[in-house]
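Here's the structure, in structure tokens; my notes come after.
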2 protein chains.
Amino acid sequence: MADNRGMRISAKADYAVRAALELASVSDDASLKAEAIAAAQGIPHKFLEGILGDLRRGGLVVSQRGGKGGYRLARPADTIAIADVIRVADGPLVSVRGVRPPELSYVGPAESLLPLWIAVRANVRKILGEVTLADVATAELPDEVQGLAEDPEAWTNP
Amino acid sequence: MADNRGMRISAKADYAVRAALELASVSDDASLKAEAIAAAQGIPHKFLEGILGDLRRGGLVVSQRGGKGGYRLARPADTIAIADVIRVADGPLVSVRGVRPPELSYVGPAESLLPLWIAVRANVRKILGEVTLADVATAELPDEVQGLAEDPEAWTNP
DNA sequence: CGCTTCCCTAGTAAATCGATAGGAAAACTA
DNA sequence: TAGTTTTCCTATCGATTTACTAGGGAAGCG
């Protein structure tokens with residue numbers, strides 16, 4: 001009864017970020033077709049189309065139809081945080097039981113759970129909010145993040 | 001199409017932690033009945049029973065049947081991290097598309113996504129792994145966590 | 001027009017979420 | 001030993017979500 005799942009990043013969010021990275025990696029006013037992104041990243045084409053629609057409605061990408069059409073980023077890649085992409089594709093970064101931490105209320109010995117969830121959220125926000133598409137696409141993560149990822153301990157499973 | 005959900009803590013994980021906190025708040029060898037915990041925390045009784053079963057199988061609580069029965073923590077409250085409880089109730093703390101970060105493989109401009117997820121996971125682990133049931137139950141969070149939770153910015157939504 | 005590519009709506013199988021139901025098995029109590 | 005209490009186990013359930021697929025309409029271009 002205690003199996004998979006915990007705090008998960010959905011396929012949709014993962015795909016959205018990867019698609020955005022693909023767009024971030026091409027020269028500034030060039031555009032990519034959904035099919036090309038799908039092939040490059042191994043994402044189901046029609047599923048990706050829906051995700052790109054979300055990114056467009058969220059103002060992160062712009063699209064063009066027709067023969068020379070495709071998608072491109074609406075802003076420079078170094079002004080779009082990974083958090084922006086996840087939020088547009090998947091909603092709030094962190095939630096507890098479906099609601100965002102500030103809406104929760106705890107009683108008795110659980111009262112201090114609220115500040116704890118808030119702290120977790122603040123930390124996730126800090127990382128995903130400061131790392132941009134440009135950072136990831138050029139493989140130059142901020143030192144702070146790089147440091148965390150270099151600790152061999154971080155790569156081990158529980 | 002871009003609605004709720006992101007990185008979520010499930011009802012089950014939330015309930016598990018709250019139940020464990022209730023147990024942490026009573027004197028050391030006393031025990032609580034599932035019904036009492038359910039009432040104190042407003043958790044559906046039968047649902048909680050299943051969760052307490054997980055905690056028992058995970059070695060975090062011990063149980064006793066019969067008239068004077070109930071549940072108590074298997075170890076002192078200051079040796080059980082919130083992360084322990086979540087993992088036992090809900091599986092790995094952080095996962096991407098159902099699998100744990102080290103099992104992922106990215107190509108092209110998405111290559112540095114892996115270290116990014118690793119960094120996020122390391123950070124979540126750090127917080128939830130160092131805060132114990134005793135810390136939360138006594139409302140004395142570690143300074144580092146307290147600091148994060150005190151920033152007013154952390155309490156605002158996006 | 002004809003081709004391409006985005007755009008939109010619907011549907012769908014499978015899993016998960018958040019429970020509920022019913023009773024068997026143990027422990028204590030009288 | 002009978003009765004009570006409480007945990008323990010299995011099974012089920014409706015709603016929602018997840019990860020896709022299908023099919024066609026609407027732009028844009030040559």
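The shown structure was predicted, so the numbers you read here are calculated from the model rather than taken from an experiment. Numbered from 1 within each chain, the chains take letters A, B, ... in sequence-line order.
When side chains are defined from C-beta on, B:Y15 does not count as touching B:Q41, because their heavy atoms never get closer than 4.5 Å. Two residues are said to be in side-chain contact when any heavy atoms from C-beta on lie closer than 4.5 Å; B:R97 and B:L104 meet this criterion. The side-chain heavy atoms of A:V85 and A:L21, taken from C-beta on, include no pair separated by under 4.5 Å.
Sequence order on DNA chain D of the closest nucleotides to B:Y71 and A:P44 puts B:Y71 first from the 5' end.
Summarising the geometry, the separation between CZ on B:F47 and P on C:dA21 is reported as 14 Å, rounded to the nearest angstrom. Put simply, CG on A:L52 is 15 Å from C1' on D:dC20, counting in whole angstrom units. Note: CD (A:E35) to C1' (C:dT5) measures 11 Å, nearest angstrom. Here C:dT5 presents its C1' atom at 13 Å from CG of A:L32, a figure rounded to the nearest Å. Protein atom CZ of A:R97 is 18 Å distant from nucleotide atom C1' of D:dT17, rounded to whole Å. Put simply, CD1 on A:I37 is 13 Å from P on C:dT5, counting in whole angstrom units. At whole-Å resolution of the value, CG in B:D14 and P in C:dA19 are 11 Å apart. Between the C1' atom of D:dA19 and the CD1 atom of A:I51 lies a distance of 9 Å, rounded to the nearest Å.
Here A:S31 pairs with nothing under the side-chain hydrogen bond (donor to acceptor under 3.5 Å, both in side chains) rule; sequence neighbours left out.
Of the side-chain N and O atoms in B:R57, one or more sit less than 4.0 angstrom from OP1 or OP2 of D:dC9. Distances shorter than 4.0 Å separate some side-chain N or O of B:Y15 from OP1 or OP2 on C:dA19. The phosphate of C:dC8 has OP1 or OP2 within less than 4.0 Å of a side-chain N or O from A:R56. At C:dG18, one or more side-chain N or O atoms of B:R8 fall inside 4.0 Å of OP1 or OP2 (strictly under the cut-off). Dashed line: the shortest gap from a side-chain N or O of A:S10 to OP1 or OP2 of D:dT17 is not under 4.0 Å. For C:dC7, the OP1/OP2 oxygens have a side-chain nitrogen or oxygen of A:S63 closer than 4.0 Å.
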Identify every side-chain donor-acceptor pair in residues 61-72 of chain B under 3.5 Å, counting partners at least two apart or on other chains, and give the distances.
none

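The closest donor-acceptor contact from the side chain of A:T138 to the backbone of A:A134 lies under 3.5 Å.
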Sugar-phosphate means primed atoms, P, OP1 and OP2; the rest is base. With that split, encode nucleotides 24-30 of chain D 5' to 3' as B, S or - using protein heavy atoms under 4.0 Å.
-> BBBSBS-
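Salt bridge status for B:D14 with B:R8: absent, with no side-chain N to carboxylate O gap under 4.0 Å.
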